[in-house]
Visitor: 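Let me give you the structure first, and then I'll get to my questions.
The analysis underlying the following values was restricted to heavy atoms, covering all of them including side chains, and did not include hydrogens, waters or symmetry mates.
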There are 2 protein chains.
Amino acid sequence: MAEQDGAEIATLIREINAGLNQRIRETFKDKPITPPQMMIIFMLAEEKRLKVSEISKKMSLANSTVSGILDRLEKQDYIKRVRSESDKRVVYVEATDQMKVIFDQHHQAMTEFLAYLVRDVTAKEFKTILDGLDILRNLVQTNGAKEKG
Amino acid sequence: MAEQDGAEIATLIREINAGLNQRIRETFKDKPITPPQMMIIFMLAEEKRLKVSEISKKMSLANSTVSGILDRLEKQDYIKRVRSESDKRVVYVEATDQMKVIFDQHHQAMTEFLAYLVRDVTAKEFKTILDGLDILRNLVQTNGAKEKG
DNA sequence: TACGAATGTTTCGTATGCGAATTATTATAA
DNA sequence: TTATAATAATTCGCATACGAAACATTCGTA
C-alpha cells in the first residue's frame with residue numbers, strides 16, 4: 001500500500017470521529033453534559049468504582065485530561081474522589097446519588113442514539129466494519145512498529 | 001443491530017483516532033508543528049489558495065477552530081490571509097515562502113509515516129478497511145437520519 | 001432602492017487534550 | 001535502613017475544538 005492510502009484512511013478516520021462526536025453533541029445538546037463526561041458517567045454506572053488511570057486507559061486519554069474532566073464532574077457533584085487506603089497514590093472515582101439521577105435521565109437517550117446509529121446496518125456490514133476497525137486498531141497501536149523479524 | 005454494537009464501534013473509533021494522532025505526534029515530536037497545522041500546510045502545498053471554509057470542510061472542523069489554527073500559522077509566518085476582491089467576506093489562505101521551506105523539510109517524514117502505517121496491509125485488508133469506513137461515514141453523517149420514505 | 005435574510009469569518013467563553021514538571025507514595029536495591 | 005527508582009495523580013502551559021454571538025458583506029425582494 002502506498003502513502004496516499006494511508007492519507008485517505010487517516011482523513012476518513014478523522015471525518016468519522018468528528019461526525020460521531022457531532023451526533024452525540026446533537027443528541028444531548030439541551031443537557032448540561034459533554035461527551036467525555038457522559039462516557040465516564042456510563043462507565044461508573046457499570047463499575048461503581050474506577051481508578052483515574054483505569055478511566056484514562058478505557059477512554060484512550062492522558063491522565064491529565066481525565067483529571068480535568070473529573071474536576072468538572074466533581075464540581076457538579078456527579079462524582080467523588082476517594083483515596084485508596086491500601087495504596088495512597090491511587091484515587092478511586094465513585095458516583096454520587098446526584099449522578100445516578102443524571103444517569104437515569106440520560107440512559108434512555110444514549111441507548112436510543114446508539115441503537116439508531118446502527119439501525120440499518122446488516123450483520124454482514126457490521127462484520128465488515130468490525131474487521132476493518134480491528135485491522136486499523138492494530139495499525140495505529142503505539143507498538144505498531146513490531147520489529148518481529 | 002443492538003446498542004451494544006453501537007457502543008463498541010464508537011469506542012473503537014475513539015481508540016483508533018487517538019492512536020493515529022499519537023503516532024503523528026510521535027513522528028513530528030521534535031518539529032515545531034502540530035498535526036492540524038501540518039494538515040493545512042500539506043493542503044496548501046497542493047492547492048495554493050484555499051478559503052477558510054474550504055479548509056474547515058476538508059478537515060471536518062468548525063470555522064472558529066480553523067480560524068484559531070490559522071492565527072498561529074500566521075504568527076509563525078507560514079501562511080498569509082488575503083481578502084477576496086470579488087467577495088470581501090471571503091478570506092483566502094496562501095502559503096508563504098517560509099512555509100514552503102517547512103513543507104520540504106517535513107514532506108519526507110510525513111510520506112514515510114503514511115507509507116509505514118500501511119506497510120503490511122494487503123490489498124484485501126485495505127478493501128475491508130475502506131468498506132468499513134465508508135459504511136461508518138454514512139452512518140455518522142449529520143444527515144444520517146435520511147427520512148426518505 | 002432599501003431592508004431584512006443569508007453568508008463568511010472572527011471573537012469569545014468554555015471544555016477537551018497533550019506533554020512536561022511536580023507531588024506524594026510505594027517498591028527496589030545497596 | 002536508607003537512597004533511588006518507579007508509580008499514580010495533579011498542576012501547568014498551550015493547542016485544539018465547539019457553539020453562540022458579533023461583524024462585515026452580499027443577496028433577495030418588496
Side-chain angles (χ1 to χ4, degrees), chain A residues 14-15 17-41 50-57 59-76 78-93 142, chain B residues 14-15 17-41 50-57 59-76 78-93 142:
Chain A
R14 195 183 176 81
E15 187 179 343
N17 189 61
L20 182 63
N21 283 329
Q22 188 62 27
R23 295 290 299 277
I24 293 177
R25 270 192 303 272
E26 281 166 13
T27 304
F28 296 100
K29 71 168 178 295
D30 52 335
K31 312 281 170 55
I33 286 289
T34 66
Q37 289 176 11
M38 186 73 66
M39 226 173 139
I40 292 176
I41 287 177
L50 286 166
K51 297 180 188 177
V52 173
S53 51
E54 287 173 339
I55 295 174
S56 306
K57 192 165 193 177
M59 295 181 71
S60 303
L61 292 176
N63 278 345
S64 53
T65 300
V66 172
S67 192
I69 297 171
L70 292 177
D71 285 347
R72 288 177 286 273
L73 281 172
E74 199 171 24
K75 200 184 303 178
Q76 294 178 278
Y78 290 155
I79 60 108
K80 61 189 170 210
R81 284 168 157 108
V82 181
R83 280 273 165 201
S84 165
E85 282 300 320
S86 56
D87 184 342
K88 284 180 193 148
R89 293 170 301 184
V90 171
V91 169
Y92 283 107
V93 180
T142 344
Chain B
R14 195 183 176 82
E15 188 179 342
N17 188 61
L20 182 63
N21 284 328
Q22 187 64 27
R23 295 290 300 278
I24 294 176
R25 270 194 302 273
E26 282 166 11
T27 303
F28 296 100
K29 71 167 178 295
D30 53 336
K31 312 281 168 57
I33 287 289
T34 66
Q37 289 175 11
M38 186 75 65
M39 226 172 141
I40 291 177
I41 287 177
L50 285 167
K51 296 179 190 176
V52 172
S53 51
E54 287 173 338
I55 295 175
S56 305
K57 191 164 192 179
M59 295 180 70
S60 304
L61 292 176
N63 280 343
S64 53
T65 301
V66 172
S67 191
I69 297 171
L70 292 177
D71 285 347
R72 287 176 287 274
L73 281 172
E74 199 170 25
K75 200 182 304 177
Q76 295 178 280
Y78 289 154
I79 60 109
K80 60 187 170 212
R81 285 170 157 108
V82 181
R83 278 275 163 200
S84 165
E85 283 301 319
S86 56
D87 184 344
K88 286 181 190 146
R89 292 171 301 184
V90 171
V91 170
Y92 283 108
V93 181
T142 345

Visitor: Of the listed nucleotides (C:dG19, D:dA9, C:dT16), which one gets closest to any side-chain atom of B:Gln22?
Guide: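 For B:Gln22, the side-chain atoms sit closest to C:dG19.
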Visitor: Between D:dT26 atom P and B:Lys51 atom NZ, what is the distance in whole Å?
Guide: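 Result: 13 Å.
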Visitor: With a 4.0 Å limit, can you tell me whether B:Arg14 has a side-chain N or O closer than that to the phosphate oxygens OP1/OP2 of C:dT16?
Guide: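 Result: no.
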Visitor: Under the side-chain hydrogen bond (donor to acceptor under 3.5 Å, both in side chains) rule, collect the residues that match up with B:Ser56, sequence neighbours excluded.
Guide: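 Residues passing side-chain hydrogen bond (donor to acceptor under 3.5 Å, both in side chains) with B:Ser56: B:Asn63.
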Visitor: Just by distance, do the side chain of B:Glu26 and the backbone of B:Arg23 share a donor-acceptor pair under 3.5 Å?
Guide: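 No; zero donor-acceptor contacts below 3.5 Å.
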Visitor: Between B:Arg25 and B:Gln22, what is the shortest heavy-atom contact and its length?
Guide: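 Nearest pair, atom of B:Arg25 first, then B:Gln22: NH2-OE1, 2.9 Å.
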Visitor: Could you grab the distance from atom CG of B:Asp71 to atom CD1 of B:Ile79, nearest 0.5 Å is fine?
Guide: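 B:Asp71 CG to B:Ile79 CD1: 8.0 Å, rounded to 0.5 Å.
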Visitor: Picking from C:dC18, C:dT9, C:dT16, which would you name as closest to the side chain of B:Ser53?
Guide: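 Ranking C:dC18, C:dT9, C:dT16 by closest atom to the B:Ser53 side chain puts C:dT9 first.
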Visitor: Report yes if some heavy atom in the side chain of B:Val91 is under 4.5 Å from a heavy atom in the side chain of B:Arg83; otherwise report no.
Guide: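 Heavy-atom side-chain distance check passes, below 4.5 Å.
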Visitor: Out of curiosity, B:Asp87 CG to B:Tyr92 OH, how far, rounded to the nearest 0.5 Å?
Guide: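 Those atoms lie 8.0 Å apart.
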Visitor: Given atom CG of B:Leu73 and atom P of C:dT9, what is their separation to the nearest angstrom?
Guide: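 Checked: the CG to P distance equals 16 Å.
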Visitor: Contact class for A:Ser56 vs. all strands (heavy atom < 4.0 Å): base, sugar-phosphate, or nothing?
Guide: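 No contact at all - A:Ser56 keeps every heavy atom at 4.0 Å or more from the nucleic acid.
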Visitor: Among residues at least two apart in sequence or on other chains, which ones pass side-chain hydrogen bond (donor to acceptor under 3.5 Å, both in side chains) with B:Glu74?
Guide: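 Scan of B:Glu74 (side-chain hydrogen bond (donor to acceptor under 3.5 Å, both in side chains), adjacent residues dropped) gives B:Arg81.
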Visitor: Can you check whether A:Ser60's main-chain N or O pairs, donor with acceptor, with B:Arg14's side chain at less than 3.5 Å?
Guide: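 Judged by distance alone, no pair lies under 3.5 Å.
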Visitor: What is the distance, rounded to the nearest whole Å, between atom CD1 of B:Ile69 and atom P of D:dA15?
Guide: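 Whole-Å distance recorded here is 11 Å.
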Visitor: What is the distance from CG of A:Asn17 to P of D:dC18, rounded to the nearest Å?
Guide: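 It works out to 10 Å between those atoms.
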Visitor: Between the protein and nucleotides 11-14 of chain D, which nitrogen or oxygen pairs come in under 3.5 angstrom?
Guide:
none

Visitor: Which ones in residues 29-37 of chain A lie close to DNA chain C, meaning a heavy atom under 4.0 Å from one of its atoms?
Guide: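 Correct list: A:Thr34, A:Pro36, A:Gln37.
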Visitor: CZ of A:Arg25 versus P of D:dA20: gap in Å, rounded?
Guide: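 To the nearest whole Å, that distance equals 11 Å.
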Visitor: Compare all side-chain heavy atoms of A:Phe28 with those of A:Ile33 and state whether any distance is below 4.5 angstrom.
Guide: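 A:Phe28 vs A:Ile33: side chains apart.
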Visitor: Could you check how far NZ of B:Lys75 sits from P of D:dT16, rounded to whole Å?
Guide: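 Taking atom P of D:dT16 as the reference, NZ of B:Lys75 is at 11 Å.
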Visitor: Roughly how far, to the nearest 0.5 Å, is the OG1 atom of B:Thr65 from the CD1 atom of B:Ile55?
Guide: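 Rounded to the nearest 0.5 Å, the CD1-OG1 separation comes out at 12.5 Å.
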Visitor: Looking at every heavy atom in both A:Thr27 and A:Asp30, which two are closest together, and how far apart are they?
Guide: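 Shortest heavy-atom separation between A:Thr27 and A:Asp30 comes out as O-OD1, 4.3 Å.
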Visitor: Please figure out whether A:Ala18 or A:Leu70 has its closest DNA chain D nucleotide nearer the 5' end.
Guide: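 Mapping each residue to its closest nucleotide by heavy atoms, the 5'-most match is A:Leu70.
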Visitor: What's the CG-P distance between B:Asn21 and C:dT16, to the nearest Å?
Guide: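 Whole-Å distance recorded here is 17 Å.
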Visitor: What integer distance in Å separates B:Leu61:CG from C:dT10:P?
Guide: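 These atoms are roughly 14 Å apart.
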Visitor: What pairs of nitrogen or oxygen atoms, one from the protein and one from nucleotides 1-5 of chain C, lie under 3.5 Å apart?
Guide:
none

Visitor: Could you measure the distance from the CD1 atom of A:Ile24 to the CE atom of A:Met39? Nearest 0.5 Å is fine.
Guide: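 If we round to the nearest 0.5 Å, A:Ile24:CD1 and A:Met39:CE are 8.0 Å apart.
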Visitor: Taking DNA chain D as the partner, which of residues 82-92 of chain A come within under 4.0 angstrom of it by heavy atom?
Guide: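 Result for residues 82-92 of chain A: A:Arg89, A:Val90, A:Val91, sorted by number.
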Visitor: Could you walk me through whether B:Ile40 and B:Met59 pass the side chain to side chain contact (heavy atoms under 4.5 Å, CB included) check?
Guide: CA-CA 9 Å; B:Ile40 291 177; B:Met59 295 180 70; 3.5 Å; yes
Visitor: Mind checking whether B:Ile69 and B:Leu61 have side chains closer than 4.5 Å, heavy atoms only?
Guide: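 Yes. Closest side-chain heavy atoms under 4.5 Å.
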